[in-house]
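Beneath this line is the structure, given in structure tokens, with notes to follow.
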Amino acid sequence: MENSNQTSSGRFFLLGLSNVFYLQGICFFVFLIMYLMTLSGNVILIIVVRINSKLQTPMYFFLSNLSMIDICFSSTIVPKILINTLSKDKSISFLGCALQMYFHLALGSTECILLAVMAYDRFAAICRPLHYQTIINKKMCILLASISWGVGFVNASVHVPLTFQLPFCKSHHVNHFFCEMPPFFQLSCKDTRLNEIVMSVAAQIIVAFSFFLTLISYIHIISSVFRIRSSQGREKAFSTCASHLTVVSMYYGTIIFMYLKPRSANSPEIDKTVSLLYTAVTPLLNPIIYSMRNKDVKDTIKMKLFSLST
């Protein structure tokens, strides 16, 4: 029974966001525009950091890593959404699904840790300015980035084999728009308690701990901002902190909701909406919130556009 159901078609069927034809058309254009904006925003940021020596700093080293994650993260999920929205065949191969889940988990976990690292970098720069160069040196930057990427891919290497060894006897129709763990547990005719415990523990260690570190860093940053004498300087710093915290809270909050909620709270439609926020919206907002408001970034873009036009 188990073997026949797991390999009967060798494919899963992603039910997507909507079956209504005109809504599918709207979804396609919205996702296409968001994806192109995500790619262009993050690619521009990486190029700007490379060509402007003023931006060769730890903050922009981490931001370049974040942009690379967001490009790969979106490219893991959104192209398949676009194809499935227009195509009658909404299937995905067993291997394709496993790879999508693997890279989604790996990149998502890496981003969680990297956001905490970036918050710590800002804490060191604002609250410990005299020791900043010593605390966040080149070796430390490479080490922190390597830990972020390493933990993310190790996390995915644990979850994906555990998920795909389950027998999917109930159905191969996934009520979601990509291959994510929680909807797959509902397809299994085997008790998934072990998978859920492992998922919950990993989410608490990686997501909740990273969010806690980020929050602590920003509490210290905001307390330092209060000591700024200039009201204009305080306003600017608060604006930056507020925008960073908004994006960070949305990213961590949606992932905590997806991976730490009790089984009884499962709702496919709500889960899809929540997943949209951290898979499509956050990668679009990150380069805008973190970098495009920065004067050096804007000046570099203007200078490059002017040199190309002349």
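When reading the values below, keep in mind they use all heavy atoms of this one structure, side chains included, and skip hydrogens, waters and symmetry mates. Counting from 1, the numbers follow the sequence of the chain as shown.
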**H220-Y218 aromatic ring centre distance below 6.0 Å** = no

**Request:** Would you please classify the geometry between the F177 ring and the F31 ring as parallel, tilted or perpendicular, with 30° and 60° separating the classes?
**Result:** tilted

**Prompt:** Other than L213, which residues form its hydrophobic cluster under the rule that side-chain heavy atoms must be closer than 4.5 Å?
**Reply:** F209

**Message:** Test question: given the 4.5 Å side-chain rule for I, L, V, M, F, W and Y, name all other residues clustered with L194, or answer none.
**Reply:** V158, L162, V198

**Request:** Give the intermediate values and the outcome of side chain to side chain contact (heavy atoms under 4.5 Å, CB included) for residues I135 and M140.
**Result:** CA-CA 8 Å; I135 298 168; M140 182 56 73; 5.8 Å; no

If you take all heavy atoms of [X] and [Y], which pair is closest and at what distance?
{"X": "D121", "Y": "Y132", "answer": "OD1-OH, 2.5 Å"}
{"X": "A156", "Y": "L105", "answer": "CB-CB, 3.9 Å"}
{"X": "T214", "Y": "A116", "answer": "OG1-CA, 3.2 Å"}
{"X": "C141", "Y": "P58", "answer": "SG-CB, 3.5 Å"}
{"X": "F28", "Y": "L82", "answer": "O-CD2, 3.4 Å"}
{"X": "S224", "Y": "C127", "answer": "OG-SG, 3.2 Å"}

No-hydrogen, no-angle side-chain donor-acceptor test under 3.5 Å, [X] and [Y]:
{"X": "Y259", "Y": "E196", "result": "no"}
{"X": "N175", "Y": "Q186", "result": "no"}
{"X": "S157", "Y": "Y102", "result": "yes"}

So [Y] and [X], do their side chains get closer than 4.5 Å, heavy atoms only?
{"X": "V49", "Y": "L63", "result": "no"}
{"X": "E111", "Y": "T282", "result": "yes"}
{"X": "S75", "Y": "L39", "result": "yes"}
{"X": "Y278", "Y": "Y252", "result": "no"}
{"X": "L107", "Y": "I71", "result": "no"}
{"X": "M199", "Y": "N195", "result": "no"}
{"X": "N286", "Y": "V247", "result": "yes"}
{"X": "E180", "Y": "H104", "result": "yes"}

Rounded distance [0.5 Å steps], [atom1] in [X] versus [atom2] in [Y]:
{"X": "L66", "Y": "L114", "atom1": "CG", "atom2": "CG", "value": "5.5 Å"}
{"X": "T38", "Y": "L284", "atom1": "OG1", "atom2": "CG", "value": "4.5 Å"}
{"X": "H159", "Y": "S109", "atom1": "NE2", "atom2": "OG", "value": "7.0 Å"}
{"X": "T110", "Y": "I113", "atom1": "OG1", "atom2": "CD1", "value": "6.5 Å"}
{"X": "S148", "Y": "I206", "atom1": "OG", "atom2": "CD1", "value": "10.5 Å"}
{"X": "I77", "Y": "Y35", "atom1": "CD1", "atom2": "OH", "value": "11.0 Å"}

Tell me whether [X] shares a hydrophobic cluster with [Y], the cluster being built from Ile, Leu, Val, Met, Phe, Trp, Tyr side chains joined at under 4.5 Å.
{"X": "I147", "Y": "F123", "answer": "yes"}
{"X": "L285", "Y": "V30", "answer": "yes"}
{"X": "F226", "Y": "L245", "answer": "yes"}
{"X": "F212", "Y": "L215", "answer": "no"}
{"X": "I216", "Y": "V207", "answer": "no"}

**Asked** Hey, is CE on M68 packed in by over 12 heavy atoms from elsewhere, all under 6.0 Å?
**Response** no

**Message:** A quick test of your reading: do over 12 heavy atoms of other residues, nucleotides or ligands sit less than 6.0 Å from CE of M34?
**Reply:** yes

**Message:** Quick test of your reading of the model: are E269 and K272 salt-bridged, counting only N-O distances below 4.0 Å?
**Reply:** yes

**Request:** Apply side chain to side chain contact (heavy atoms under 4.5 Å, CB included) to M250 and V281, showing your working.
**Result:** CA-CA 10 Å; M250 184 172 72; V281 178; 3.9 Å; yes

**Complete:** Taken in chain and number order and not counting sequence neighbours, the residues that satisfy ring-ring contact (aromatic ring centres under 6.0 Å, His included) with F184 are F12, F164, F168

**Asked** With sequence neighbours excluded, what pairs up with Y60 under the ring-ring contact (aromatic ring centres under 6.0 Å, His included) test?
**Response** none

Taking [X] for the side chain and [Y] for the main chain, is one N or O donor matched with an acceptor at less than 3.5 Å?
{"X": "H176", "Y": "L15", "value": "no"}
{"X": "S249", "Y": "T246", "value": "no"}
{"X": "S188", "Y": "P167", "value": "yes"}

**Prompt:** What pairs with V274 under side-chain contact (heavy atoms from CB on, under 4.5 Å), at least two apart in sequence or on another chain?
**Reply:** T254, F257, M258, I270

**Request:** Test F185 against L166 for side chain to side chain contact (heavy atoms under 4.5 Å, CB included), laying out the working first.
**Result:** CA-CA 8 Å; F185 297 159; L166 292 170; 4.0 Å; yes

**Request:** Please report the C-alpha distance between M59 and R122 in whole Å, then the side-chain angles of each, then the deciding distance to 0.1 Å, and finally whether the side chain to side chain contact (heavy atoms under 4.5 Å, CB included) criterion is met.
**Result:** CA-CA 8 Å; M59 182 178 80; R122 291 300 80 209; 3.5 Å; yes

**Asked** What residue pairs, at least two apart or across chains, pass salt bridge (Lys or Arg N to Asp or Glu O under 4.0 Å) with a residue in residues 71-94?
**Response** none

